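Single-structure report; data block below.
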Amino acid sequence: MNVGGGTGAGDCISSPSTTVSQWFFTVSQRYQHLLDRSTPHVRHRWIAFSVIALIYAVRVYFVQGFYIITYGLGIYILQLLIAFLSPQVDPELADGPGPSLPTRGSDEFRPFVRRLPEFKFWYSLTKAFCIAFVLTFFSAFDVPVFWPILLFYWVVLFISTMKRQIMHMIKYRYVPFTFGKQRYSGKKETVIDEADVSRP
């Protein structure tokens, strides 16, 4: 019987884990809040990404290594780019007439719904560059390789993949960009920003 009304040994053991879980929950909430606040600031987000990419490029240039990590990063970027340029519903797999995709800048505004929205595209790229930057501090990932071969293979892969994507766009007559398209509401002319369409 606990006369003094104090906490038992079980409470003392579980207290640190509870504190850690609460701390992680608070940090994740603040992190998500910052992401939510950054969603409408498209230009600032991409400027920040450019700075991170430049820092990574400078790091690899001065270290003169980690080409395998850079090659893997390039393949991942290519996958993200294809998902960013592809419609959410592939016209080859779509059944029925359905809503047509925008084909010309002069067409009536019809938002292009991407398979990978702009915000998730930016977030995935930024996270990938940050992870790759951290990996450059571990010598185990610095595998000796002749980097021109990797660069040549990546360029060939990029050209063939983009050629296939462009042929897909031409075949199904869609444009994967919504900027420049206008929507008219009464007598006022408003322009829809791409961030509004692609926000998760």
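Because the structure is predicted, anything quoted here is derived from the model rather than measured.
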(request) Could you walk me through whether I82 and Q79 pass side chain to side chain contact (heavy atoms under 4.5 Å, CB included), step by step? (result) CA-CA 5 Å; I82 294 302; Q79 291 179 349; 6.0 Å; no
(request) Check step by step if side chain to side chain contact (heavy atoms under 4.5 Å, CB included) holds for L157 and I75. (result) CA-CA 9 Å; L157 186 63; I75 297 297; 3.3 Å; yes
Give, for atom [atom1] of [X] and atom [atom2] of [Y], the distance between the pair rounded to the nearest 0.5 Å.
X	Y	atom1	atom2	result
Y31	L35	OH	CG	4.5 Å
L85	Q165	CG	CD	5.5 Å
R164	M162	CZ	CE	10.5 Å
F129	Y76	CZ	OH	11.5 Å
F66	Y56	CZ	OH	8.5 Å
I131	T126	CD1	OG1	11.0 Å

Ignoring hydrogens and geometry, is there a side-chain-to-backbone donor-acceptor pair from [X] to [Y] under 3.5 Å?
X	Y	value
W154	G74	yes
D142	G65	no
R115	S86	no

(request) Take E118 and W46 through the side-chain hydrogen bond (donor to acceptor under 3.5 Å, both in side chains) test and state the conclusion after the steps. (result) CA-CA 10 Å; E118 182 271 335; W46 284 102; 2.6 Å; yes
(message) More than 12 heavy atoms of other residues, nucleotides or ligands under 6.0 Å from CZ of F137: yes or no?
(response)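 Above 12, so yes.
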Heavy-atom closest pair, residues [X] and [Y]:
X	Y	result
R37	P40	O-CD, 3.4 Å
F158	L78	CD1-CD1, 3.4 Å
I69	A132	CG2-CB, 3.8 Å
A140	V143	O-CG2, 4.3 Å

(message) Membership question, hydrophobic clusters at under 4.5 Å side-chain separation (ILVMFWY): are V63 and F133 in the same one?
(response)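 Yes, F133 connects to V63 through the hydrophobic network.
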(message) For the residue pair T136 / R59, report whether a side-chain donor-acceptor contact shorter than 3.5 Å exists.
(response)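 There is such a pair between these side chains.
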(request) Could you check whether the rings of F119 and W122 sit parallel, tilted or perpendicular, using 30° and 60° as the cut-offs? (result)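 Correct class here is tilted.
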